[in-house]
Colleague: 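Below you'll find the structure I mean.
Whatever order the structure lists them in is the order used to number ligands and atoms, beginning at 1. Counting from 1, the numbers follow the sequence of the chain as shown. Please read all numbers here as calculations on a predicted model, not as lab measurements.
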Amino acid sequence: MQQFEQFLTAKKAENQYRTLPELVHQGKYVEQGGRRMLNLSGNDYLGLANQAGLRHAFFANYGDQLPACTASSSRLLTGNFPIYHQLEALLAERFGRQSALIFNSGYHANIGILPALADRQTLIVADKLVHASLIDGIRLSRATFLRYRHNDYAHLADILANNAAHFARIILVTESVFSMDGDVADLPTLVRFKRQYPQILLYVDEAHAVGIYGETGLGMAEQMGCVAEIDLLVGTFGKALASVGAYLVCDQLIKDYLINTMRPLIFSTALPPLNVAWTHFLFEQLPHFKAQRQHLAGLSGILRQAVAERQPHSNQSHIVPYLLGDNQTTVEKARQLQALGYYCLPIRPPTVPQGTSRIRFSLTADLSEAELTALIDCL
Ligand SMILES: *Cc1c(COP(=O)(O)O)cnc(C)c1O
C-alpha cells in the first residue's frame, strides 16, 4: 500500500496526478464548480450528441417497443440480435467492401484484432504516435514490433527494406487523424508500400476522422480515395457518431477469422441492441451532415491559422494542439482559459513526449465563429 501512496505523491509533485472531473453537461457547455465553460475538449465533433431532436426522432420510431437495453451475452452465444447484422450490412454497403464487424469499443477493437491476426512470423510496424489501445494490442500479440518516426515514411521504407524478407506477414499500423497532434497520415503513400511488399496488411484507425472527413463522412480513407485498399479499416462510434462501439471494415475472410479468434469479441457481452440501433439511426444519416462537416472545416482553418501565427504548426484537422512546453506553464494556461469560460485541458507526458505539454483544442460543429474568435483573443 505504501508503494501506491508513494506513486501518487510523486505524480502530484510532477503535476501529473489524474482525477475524474466532476462535470455537468449543458449542450455545448460544461459546468464545473458553478462555472459554465464552452467544451473544447470533447469528441462530439459534429455536435450530434447535443441534438435533442435526433434523440426524439430515434425514440419516436419505437413507441413503447424499445430495443433491448442489454444483449445479455456475447454475440457468439445468444447476444446476436438482428440489428447487429443490419448495421454491419449498412457499413459494408457504405464503404463498398465485403463485410464489417462491430465491437464494444475502439479499445476492444484495437486490443483484439492485432493479437488475433498476428503470429510469431508476423512483423508489426507502427507509427510512433499510435493510440495506447493499439500499443496494448501490439503488446498482447507478442509479434515482432518496430516503430517508425511519426509520419516519417522514409524511415518506414528503411524499416521495411531491412526487415521485410524475414516475415511472412507485415501489419502496418497507423491512425488517419492523430489524436494528440491532429495531423494526418498520408494514406495513399502507405497504400503504395503494399504494392512493393505484398505481405503487408494495412491497418488504419479512423477514430478521429470518421463522420468528419470524406464526401459522405466515411473518414480520411474516403477523402483520400483509398477505402478499397485498406485491409483493416477501423473506426469508432463514440466520437463524431455520438454513440458507442467500433467497427472494422474488411474482407469476409478476415471477418470470419476474427469471429473464430478475437478474444474481446468472443468473451465479452455484446453492446446493447438499443445502442446499436441508435448507431444505425445516425450512421444512416451520415451523408446528410455535410453542413456540419463544412462548418467544422471552416472553424478548424481559423484556429489553425491563429495558432500558426504563434508557433510552428503543421496540423490539418479539427484537433489543434497549442504547445506550451513544460507542465507548469501548460497547467496554468489551461486554468486561465477555464477561468475565462473555455473548458480546455492540459495534455502532459506520458500522453505526449517530454517538453511538448500542450493544450489540445478539439473543435465541434456546435461552435460559432464568434465563439471561436473570442477564444483566439485569449491565446
Ligand atoms: C478514442 C480512440 C480509441 C478508443 O475508442 P473507444 O471507442 O473510445 O474505446 C481508439 N483509437 C483511437 C485513435 C482513439 O482516439
Colleague: Residues in ring pair (Phe, Tyr, Trp, His ring centres under 6.0 Å) with His150, at least two apart?
Modeller: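 Only Phe178 meet the ring pair (Phe, Tyr, Trp, His ring centres under 6.0 Å) criterion with His150.
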
Colleague: List the steps and the verdict of side chain to side chain contact (heavy atoms under 4.5 Å, CB included) for Ile124 and Thr144.
Modeller: CA-CA 6 Å; Ile124 298 177; Thr144 307; over 6 Å; no

Colleague: Only pairs at least two apart or in different chains count here, so list each salt bridge (Lys or Arg N to Asp or Glu O under 4.0 Å) that has a residue in residues 42-53.
Modeller: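 Every candidate salt bridge (Lys or Arg N to Asp or Glu O under 4.0 Å) pair involving residues 42-53 fails, so no pair, neighbours aside, qualifies.
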
Colleague: Verify the distance criterion only: is there a donor paired with an acceptor across the side chains of Gln336 and Glu332 at less than 3.5 Å?
Modeller: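 Note: Gln336 and Glu332 side chains miss the donor-acceptor criterion.
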
Colleague: Below 4.0 Å from any atom of ligand 1, which residues have a heavy atom? Give them in chain and number order, please.
Modeller: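 Contacts of ligand 1 under 4.0 Å: Ser105, Gly106, Tyr107, Asn110, His131, Ser133, Glu175, Asp205, Ala207, His208, Thr236, Lys239.
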
Colleague: Looking at Ile230, Leu190, Asp205, which one forms a side chain to side chain contact (heavy atoms under 4.5 Å, CB included) with Thr174?
Modeller: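 For Thr174, the side chain to side chain contact (heavy atoms under 4.5 Å, CB included) check succeeds only for Leu190.
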
Colleague: Using a 3.5 Å cut-off and no angle test, enumerate the donor-acceptor pairs between side-chain atoms of residues 237-250 and protein atoms at least two apart in sequence or in another chain.
Modeller:
residue : atom : partner : partner atom : Å
Ser243  : OG   : Thr279  : OG1          : 2.6

